[in-house]
Amino acid sequence: MMAAHLLRRSWGSTISLLIVIFLLSCSSQMTSAAAAPASRKSSSSSMSMSQHKMLDVHQHLKRLNKPPLKTIKSPDGDIIDCVHIAHQPAFDHPLLKNHTIQTRPNFHPEGTKFEESKRVSAQKATSSKPITQLWHLKGRCPEGTIPIRRTKKDDVLRASSVERFGKKKPAKIPHQPRSAQPDLITQTGHQHAIVYVEGDKYYGAKATINVWEPKTQQPNEFSLSQIWILGGTFGQDLNSIEAGWQVSPDLYGDNRTRLFTYWTSDAYQATGCYNLLCTGFIQINNEIAMGASIFPVSGYRGSQYDISLLVWKDPKEGNWWIQFGNDYVLGYWPGFLFSYLTDSATMIEWGGEIVNSESDEQHTTTEMGSGHFPEEGFGKAGYFRNIQIVDGSNSLRDPKGLGTFTEQSSCYDVQNGRSGDWGTYFFYGGPGRNPNCP
């Protein structure tokens, strides 16, 4: 009897154990089954977000890259599309739907060499033109078109968002008084070495800018040298027109030196962009591409190259024009894009700017200008020469009461002067991190 009882008890324990295992197995399967839809849902949601972003990117590329009449492959990898002048991105702006393109400015500032250079060019029409951008080695755009650097998918994907592509980060306006802080559009992490004028009405500015290829430490940093035409209260309604050269791996995908323009009417918040990456700027020139690389560039102790830029307001139409060198009137920003600049600028700045991200908790090694300090002088340091402003009588003249500004002179500095051939000039720049700039 005892053996039979032990046997029944043993079988009972075994059956209980089997039931527990069975229930646990069912529970596990139910949990897996319940988790599977959630997992699929999460995967589906992730895929949906990714697909949605790619759709946004492709739609943005379609808006920017207009159908070309001719395409040129540049040696630096750029694709230059020759787009009909009336089909450029500017005319996607609602206020430009019925705009009549102004094919030339009504007035040039008194003292420019444009008209004289055009007469000389006409006499030398058979001679070859100097190469100013690398894509010229492979061809030119026909009359009636403008050259546009094609935007690629990777260009847009490098931006923080599709909406912010081609735009600067909104500026944080410091609260220092003007006397203590002339460059009131300074952003956190941005550093400058500039000269400036303020306190009058300005209708344009000009400079001949030495061209270099400075090294940047991080892809999200840039180095540029430019003219700023500024108007407004230096608050959230700041108006700015900018032109010069820059190295910006994030924007262009490489470390080449490129011609650029920029504009904003609200302190970089929502309006404006680089080059032709949004509606607004109207290009009329078929020979110079905004955002294309400049060739050649200067070498330390070697040959020096520079470009001349002039930005001025047409006193009749109120549009702001830009000219490259003595031969190329590039186009204009319609006056209605701006608030304060519909009248005049209140400050002009010339000089360099870099981004210092301090990625390794040290000052960046991103170079400004040539990457050398101004005291090294010609052939070694970067320079601006023949800087001028356009006054109320539409005449070019030397700036009066020129000030200088830099956040950290041990990292980047500026020294101005005056001479016969160079007029008002300055040397500027620096290497960034060094024993005095840790």
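- In this structure, CG in Asp413 is found 15.0 Å from NE2 in His372, a value given to the nearest 0.5 Å.
- Paired with Tyr262 under the rule ring-ring contact (aromatic ring centres under 6.0 Å, His included), one option of Tyr274, Phe222, Trp228 passes, and it is Tyr274.
- Using a 4.0 Å cut-off between charged nitrogen and carboxylate oxygen, Arg385 and Asp421 do not count as a salt-bridge pair.
- Ion pairing between a basic and an acidic side chain is recognised when a charged N comes within 4.0 Å of a carboxylate O; Arg418 and Asp398 show such pairing.
- Pairs passing the ring-ring contact (aromatic ring centres under 6.0 Å, His included) check and including a residue from residues 342-364, sequence neighbours excluded, read His363-Tyr412.
- Arg149 has no carboxylate O lying under 4.0 Å from a charged side-chain N of Asp254, or vice versa, which leaves the two without a salt bridge.
- Put simply, NE2 on His136 and CD on Glu287 are 6.5 Å apart, with the number rounded to the nearest 0.5 Å.
- A side-chain donor-acceptor contact under 3.5 Å links Thr208 and Ser308.
- In this structure, His93 has its ring center closer than 6.0 angstrom to the ring center of Phe336.
- Annotation: salt bridge (Lys or Arg N to Asp or Glu O under 4.0 Å) contacts involving residues 371-381, sequence neighbours excluded, are absent.
- Note: Tyr252 OH to Arg158 CZ = 11.0 Å, rounded to the nearest 0.5 Å.
- Using a 4.0 Å cut-off between a side-chain N of Lys or Arg and a carboxylate O of Asp or Glu, Asp92 and Arg63 do not qualify as a salt bridge.
- Atom OG1 in Thr103 sits 12.0 Å away from atom CD1 in Ile282 (nearest 0.5 Å).
- In this model, a donor atom of one side chain and an acceptor atom of the other lie less than 3.5 Å apart for Gln408 and Gln191.
- In this structure, the separation between OG1 on Thr271 and NZ on Lys167 is 7.0 Å, given to the nearest 0.5 Å.
- Centroid-to-centroid, the aromatic rings of Tyr425 and Tyr383 stay 6.0 Å apart or farther.
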- Task: Begin with the C-alpha distance, continue with both residues' side-chain angles, and end with the deciding distance and a verdict on side-chain hydrogen bond (donor to acceptor under 3.5 Å, both in side chains) for Glu353 and Gln226.
- Result: CA-CA 8 Å; Glu353 178 184 0; Gln226 68 172 46; 4.9 Å; no
